[in-house]
Structures are given as C-alpha cells and as structure tokens.
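Written below as structure tokens is the structure these notes are about.
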Amino acid sequence: MGTARKRFGSTLAAATAAVVSLALVAGCSGGDSGKARTKDGKTVISMGLFGVMGFKETDLLDRYMKENPDVTIEADVTGDEQSYYTALQTHLAAGSGLKDIQGIEIGRAKELVDTQADKFADLSKTPGLDHFLPWKSNQVTTKDGKQIGLGTDIGPMAVCYRKDLFAQAGLPTDRDEVAKLWAGDWSKYVEVGRTFKKQSKAPKVAYMDSSSGLFNAMIYGGPEQFYDKDGSLVYAKNPLVKEAWNLAADAAESGLSAKLRQFQPGWDPGLANSTFATAVCPAWMLAHISEKAGPANKGKWDVAKAPKGANWGGSFLGVMENSPVKKQAEKLIAWLSAPAQQAYIFQKLGNFPSSKTAIDMPSVANGKSAYFSDAPIGQIFGDAAKEIPDEQILGRKDGTIKDTFTAGLQLIESQGKSRDEAWKTTDERIQKLVG
C-alpha cells in the first residue's frame, strides 16, 4: 500500500505519530458526538486515514464536495499505520473520539471483524458491490454476513529491479527476459541473486533489500498463512510458511540482502544510494520507491513479473455505527471506492484497484510508469491480481505476526543468528504476543 503505503516508521516516529494521532482524533471526534457537526452551514464528514490511501493526496475529496455542496469533508492522515491503529483501538475501547469514516488496513481487518463489528455500520446492502473482487469483500465480512468496510486498493506483487546494476552483473535487463529467469519458482529468484553476487562489478551493492520481502511474497501466494479458517494459529505447521522461512534464511545467510527492513531507517537512503538491485514490490510500493530513489534514478528501475502471484497489503474504508452522519458517510465511501475513483487513484499514485471493473478499464489495464522505464504496470499487476487465490484467510493478529517474522529474519541478517535460533525466538515472541 508507496508513498502509497508508508506503514512503518522508526520507533520514535511511531511514538510521536501515536501521540499526534490521539490528539488529532480526540480534538475532533466527529463520529460519535451524538449530533452532526456543521461548518459554514454544511454537514461535516470526518475521516481517519493512514499512509497514502489516495483520497487526500488527490483532488477526489474536493471533487466530491463540489458535486455535493452541502458537505464538508475533514480528513486526518497518520503517516504510520501502527500508530494509527493504536489510536483507533484506544478510541474503539473508549467509545469516543472516532471519526465518521475510519480506514482499515488488511492486517487489522480480521481482528476488527471478530471483536469490533458492532462498532461499524453494515455495508453489505450497498448497491453495486459486485464490482469488487469477491475475496476482498469477504475479508471484512462477519460470519453472519455483516460487512464492515468497502475495499480500496490491493497489493499484487512484482519484482522491481535496477537495469543498470543487472547489466553490470552480466544479467539481462529486458523485463520479459528477467521474468523468465525466475518464472514459477521463488528459489530461482534467489539463484539469480547468487549469480548477481558472483558477477557484480559493484561488490557493495546487495541483490535484494531484505529477506523479509521475499518471505512476504511467498506466504501471501497461498490462501492460508498464519491462521486456518477456524481461527487457530497454524504458522508453525504450515508448509508454505516454513518453505518461505527457509528460502528467506538462505538468502540472508548467503549475503544476498542489504540487511534493511522495508520502511525502517536505512531503507529510504538505500533506495537513493543504490545499495540494492531488487525489491519485491506490491503495486503500492512503486510510488514510495520513485519518491525515495529520486529523479537521479528515473529510468534505471524497471518492473518484472514475480515468480508467482500473491497479494501483500490492501485497505478498506468503514463507517462508524454511531456516526450522526452515517448515511452521508456511507454514500461518500461508496463513491470513493467506485471503479472510476479506484482507477483514478491508480493513475495518480499507483495504488492498484480492488474493483475487478476498474482493473479492466483501459486507464488501468494500459497503465505505464514513466519512472520505471515505462513498465506496463497495469498489465503486470493486473495479471498478478488474477493469480491471487480466490480465498485469502485472515487472522486476528496477522499484522503483528508478519512484523514478528520480519524481526526474526533480521536476527539472521544483522545478528548472525542461525535460522533455528531465529525461528525459536520468533515462535516465542508470537506466542507471547498473540497466545
């Protein structure tokens, strides 16, 4: 989800953002004050968002207000999703301080569906819901059919790579030829890394940014990651998770990684200073790479099809049940998540639509990225989206577990721990965090 999904900041930044977020939301509750707020005679609809979901960053909110002159939209954005979610949990528990509309990140969806569904309006009767990918809506639907959110973007995968650094290592640079190197198997992607390391004329340049990006790409290619349908933790016995762990550990132990953690300190300078040649990139990451790698690297990056299709990331918009402007808020998010608006955000920011109607629109299907060497990203990510399993099983603490696995792989990359030691530590941390 680049600037399109700036989810994780440093500990200090996260703590600061949490305080700011709490202050912002507490200072302007909107969603649960009992009666609608007005401003200059217009009804106010408040929104709580995170990262770059594309609504405040484009002119969509202004367009909606122009078409609905009786409405004023106030959108607050927290850059770091962890801080945003901490604040949201606090306000849900307190029953106050909530916006009329709240953003929901995919890693939090199941927890909110299972524990907070009564706080959200039921959107299952929203007209025209069949334009969404079916699994997208299922991710925010309770067992009794209540839908707490409407989909915004999804995160189909590709591999972003540096053409100039590949050329220096004697590797092909054409995106179709590059994709053939690892077609169908993530282990081939690691093998290409071994070749890159052996042949590279720039010994200080790593093949990949982080082993955790590879881990995420692999696990999100299957319908089940950390939990099963019954909500039981199954990561320890899920062969897909163990396969991803071992291959990521192979990459880390072989020195193929720059030992960076995506969206953590060091990663952005790594993009700007060309310290790695590839990154597994969901669609939403492209905007972030282009911003942080900067104008000097435009045209050096390209995008190739990933070994296998997978979905990493995505978001939703929900309306609070007690919002005094619930109907107006429901109308707003239905418009914001409609095919035309999803296609527009893709054109502006690269966030890939969760609407199958939008995916087939020419503006998406024929979309290219000038920064990434005119890569046909609409086609690449569109094809990847069609490979995503029809069922995507979420668990209550998916986001927490994913972050814990990322930290576990860092033990191998940065601290020299064995994969068995790192797995044991990771398992203990998960059990302590989620039981």
Side-chain angles (χ1 to χ4, degrees), residues 1-33 44-58 60-61 73-109 111-112 116 119-120 140 148-153 155 261-265 267-268 282 284-285 287-288 291-292 313-320 323 329 332-333 336-337 345 348-351 397-400 402-403 406:
M1 333 184 172
T3 345
R5 189 69 73 250
K6 197 171 184 179
R7 297 176 186 277
F8 306 108
S10 68
T11 304
L12 177 61
T16 302
V19 172
V20 172
S21 179
L22 285 165
L24 277 172
V25 183
C28 182
S29 60
D32 48 29
S33 58
V44 175
I45 303 175
S46 60
M47 301 182 73
L49 307 171
F50 57 86
V52 179
M53 297 182 74
F55 306 118
K56 194 166 183 177
E57 296 78 14
T58 64
L60 284 179
L61 299 183
I73 303 169
E74 295 180 351
D76 288 333
V77 180
T78 302
D80 175 68
E81 191 277 335
Q82 176 63 61
S83 304
Y84 167 85
Y85 188 62
T86 298
L88 177 60
Q89 287 178 303
T90 299
H91 296 305
L92 285 168
S96 63
L98 294 160
K99 303 297 188 183
D100 300 304
I101 295 167
Q102 296 280 175
I104 301 170
E105 204 272 340
I106 189 172
R108 321 297 183 180
E111 183 170 40
L112 293 176
Q116 302 286 353
K119 305 285 180 62
F120 288 85
V140 282
I148 70 167
L150 298 182
T152 57
D153 64 325
R261 187 172 174 178
Q262 291 174 335
F263 302 105
Q264 293 291 328
W267 192 62
D268 288 351
W284 47 262
M285 193 182 285
H288 187 91
E291 178 191 349
K292 300 304 180 182
S315 303
F316 308 84
L317 292 173
V319 174
M320 305 317 299
S323 165
L332 171 58
I333 69 167
L336 289 173
S337 61
I345 290 175
K348 292 294 185 181
L349 298 174
N351 298 20
K397 295 292 183 180
D398 271 356
T400 299
K402 180 182 74 66
D403 292 346
T406 296

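Just so we're clear, the structure is a prediction, and the values are computed from it rather than from any experiment.
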_Let's go through D268 and E291 carefully: what are the C-alpha distance in whole Å and the side-chain angles of both, what is the deciding distance for side-chain contact (heavy atoms from CB on, under 4.5 Å) to 0.1 Å, and is it a yes or a no?_
CA-CA 9 Å; D268 288 351; E291 178 191 349; over 6 Å; no
Could you report the tightest heavy-atom contact between [X] and [Y], atom names first, then the distance?
| X | Y | result |
| --- | --- | --- |
| K99 | G48 | CG-N, 3.5 Å |
| D100 | S323 | OD1-OG, 2.8 Å |
| G54 | L60 | O-CD1, 4.4 Å |
| V52 | N351 | O-ND2, 3.3 Å |
| F316 | A109 | CE1-CB, 4.3 Å |
| S337 | G151 | CB-O, 3.3 Å |

Rounded to the nearest 0.5 Å, how far does [atom2] of [Y] lie from [atom1] of [X]?
| X | Y | atom1 | atom2 | result |
| --- | --- | --- | --- | --- |
| L317 | M47 | CG | CE | 5.0 Å |
| L49 | Q102 | CG | CD | 8.5 Å |
| E74 | L61 | CD | CG | 11.5 Å |
| M53 | E105 | CE | CD | 9.0 Å |
| I45 | L332 | CD1 | CG | 5.0 Å |
| L349 | F55 | CG | CZ | 10.0 Å |

_Full working for side-chain contact (heavy atoms from CB on, under 4.5 Å) between V140 and F120_ = CA-CA 11 Å; V140 282; F120 288 85; over 6 Å; no
*Which residues pass the salt bridge (charged side-chain N to carboxylate O under 4.0 Å, His left out) test with E111, sequence neighbours left out?*
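By the salt bridge (charged side-chain N to carboxylate O under 4.0 Å, His left out) rule, E111 matches K397.
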*Check whether any side-chain N or O of K56 sits under 3.5 Å from a backbone N or O of V77 as a donor-acceptor pair, and report yes or no.*
no
*Say whether, by atom type as modelled, one donor and one acceptor occur between the side chain of S315 and the main chain of T152 under 3.5 angstrom.*
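Such a contact is absent between S315 side chain and T152 backbone.
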*asked:* A side-chain contact here means heavy atoms from C-beta on lying under 4.5 Å apart; do L98 and L88 qualify?
replied: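 Counting from C-beta outward, L98 and L88 do come under 4.5 Å.
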_Heavy-atom side-chain contact between L112 and I148 under 4.5 Å_ =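 SC-SC contact between L112 and I148 confirmed.
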*Checking side-chain hydrogen bond (donor to acceptor under 3.5 Å, both in side chains) against R108, which of Q116, E81, Q89 comes through?*
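Running side-chain hydrogen bond (donor to acceptor under 3.5 Å, both in side chains) over Q116, E81, Q89 with R108 returns exactly one hit, E81.
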*Would you call the rings of Y84 and F50 parallel, tilted or perpendicular if under 30° counts as parallel and over 60° as perpendicular?*
tilted
